[in-house]
2 protein chains.
Amino acid sequence: MDRLDRDIIGALIEDARATYAEIGQRVGLSASAVKRRVDRLRETGAITGFTARVQPAALGWTTEAYVELFCAGKTSPAEIGVAIARHPEVVSACTITGEADALLHIRATDVRHVERVIERLAAEPFVVRTKSSVVLSRLIDAPPALARNESASSA
Amino acid sequence: MDRLDRDIIGALIEDARATYAEIGQRVGLSASAVKRRVDRLRETGAITGFTARVQPAALGWTTEAYVELFCAGKTSPAEIGVAIARHPEVVSACTITGEADALLHIRATDVRHVERVIERLAAEPFVVRTKSSVVLSRLIDAPPALARNESASSA
DNA sequence: CGTGAAACCGAAGTCCT
DNA sequence: AGGACTTCGGTTTCACG
C-alpha cells in the first residue's frame, strides 16, 4: 500500500470503468502493472467492489432524514443492527457516543413515507424514543476522494 | 424509467464492472439492448458514474464522526457548503430541520484527528457551536439496493 | 425497441528485463 | 517488481425484424 496504490484507488473512485491503460497513464505505470495492483488490492480487501453512482431522486427517493435511536438499557449493537436491517429505507446506520445510542440515515419517497418509517422504527421493542431531522438540502454528497491525503501512518 | 431500467441499475449497483451480457441475462435482455439503456440512463443523469467501493479502514481512515453545526442567524446553506468543502475530512453534509443547522459526516485517521477537524470547523466565522458524536460501530454501510422496491409513484 | 453479426479494443495471461 | 506482446472476450456499431 504505497503512493501508487492510493493513486490507483483515487482513479477508480472517480471512474470505476476506466481502462487499465488510462489509469496507468495517470499514475505513471503500464496497464499490466496497474491490473496486477488492482487485483492485489481486491484480494487484500482494500477495494471491496465496484458500484454505480445513482442519483436517488431519479428513482423516486426524493426525501432523506437522519433518525437518532434511544434504546432500552441493555440493547446490544448487534441486536440493533439485525432489527434495522429489516427496514429497507435505512441506508446507513451506526452506534454513536452521546445521548442517543444509534444514528440512522434513511431514504424515502416523500415526507409521508419518512413518517411511516419512523413509526415502524419506533415500534421496535428495544426503541424507547426517536429524534429525527429531515434533510433540507444536501451540501456534500460523498466520495470526492478518500485517497488523496497522506492518510497518516497505518495501512 | 421502467422495471427493466431499475433492474439494470440494481445490477450495476451490485457490480459496476458486470458485462452487458451478464446484466442482460439477469434482466432478460440482450447485451446490446442493455448497453443502449445504460447509455440512456447516463445521459438522463439517473446514473452519474461508476466508482470503486473502498474499505476506508484499509487506507488509514479508521475513525468517523457526525458533527452538528449551529450557525449564526443569517447563514445560507450555500455559504456553509462552500466553507466545509474546504475540509477534506467532511465526507457528507446537509442542512437539516431541528435545532442544528447542518449535519456533517467526517472521516479521520484517529480520535485526535477528529478533534482537530472539529476545532477547524468551529473556527469558521459563522459557526456558533458544534455538537459531535463519534461512531462506535457501523451497523449498515450503504447502497445494498436503492432500486429493488417499487420506489412508489414517481420517476 | 428489440435481436443478432462484424469490427474494434481492452483484458488477461505469459515471457522477458 | 514493471514492461511488452499475444490471445481471448467484451464492447461497440450496424443492419434487420
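Computed over heavy atoms, backbone and side chain alike; hydrogens, waters and symmetry mates excluded. By convention in this document, chain letters (A, B, ...) are assigned in the order of the sequence lines, proteins followed by strands, and residues within each chain are numbered from 1.
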Round to the nearest Å and state the distance from [X] atom [atom1] to [N] atom [atom2].
| X | N | atom1 | atom2 | value |
| --- | --- | --- | --- | --- |
| Ile8(A) | dA1(D) | CD1 | P | 12 Å |
| Ile23(A) | dG2(D) | CD1 | P | 15 Å |
| Leu12(A) | dA11(C) | CG | P | 11 Å |
| Asp2(B) | dC1(C) | CG | P | 10 Å |
| Leu29(A) | dG2(D) | CG | C1' | 7 Å |
| Glu43(A) | dA12(C) | CD | P | 13 Å |
| Tyr20(A) | dC8(D) | OH | C1' | 15 Å |
| Gln25(B) | dG4(C) | CD | P | 13 Å |

Which part of the nucleic acid does Arg17(A) contact within heavy-atom distance under 4.0 Å: base, sugar-phosphate only, or nothing? sugar-phosphate

Base, sugar-phosphate alone, or nothing: which one does Thr19(B) contact when heavy atoms must sit under 4.0 Å apart? sugar-phosphate

First of Ser32(B) and Leu4(A) reached from the 5' end of DNA chain D, by closest nucleotide: Leu4(A)

Establish, with yes or no, whether the OP1 or OP2 oxygen of dA12(C) is under 4.0 angstrom from a side-chain nitrogen or oxygen of Lys35(A). yes

Check whether any side-chain N or O of Arg37(A) sits under 4.0 Å from OP1 or OP2 of dA1(D), and answer yes or no. no

Integer angstrom distance from the P of dA12(C) to that of dT12(D): 15 Å

Roughly how far, to the nearest 0.5 Å, is the CD atom of Glu14(A) from the OG1 atom of Thr51(B)? 10.0 Å

Looking at CG of Leu136(A) and CG of Asp101(B), how far apart are the two atoms once the value is rounded to the nearest 0.5 Å? 9.5 Å

Counting N and O atoms only, with roles assigned by atom type, does the side chain of Thr48(A) sit under 3.5 Å from a partner on the main chain of Gly45(A), one being a donor and the other an acceptor? no

Sub-3.5 Å donor-acceptor pair from the side chain of Asp2(B) to the main-chain atoms of Asp5(B), do we have one? yes

Would a hydrophobic clustering, with Ile, Leu, Val, Met, Phe, Trp and Tyr connected at side-chain separations under 4.5 Å, put Ile84(B) with Val114(B)? yes

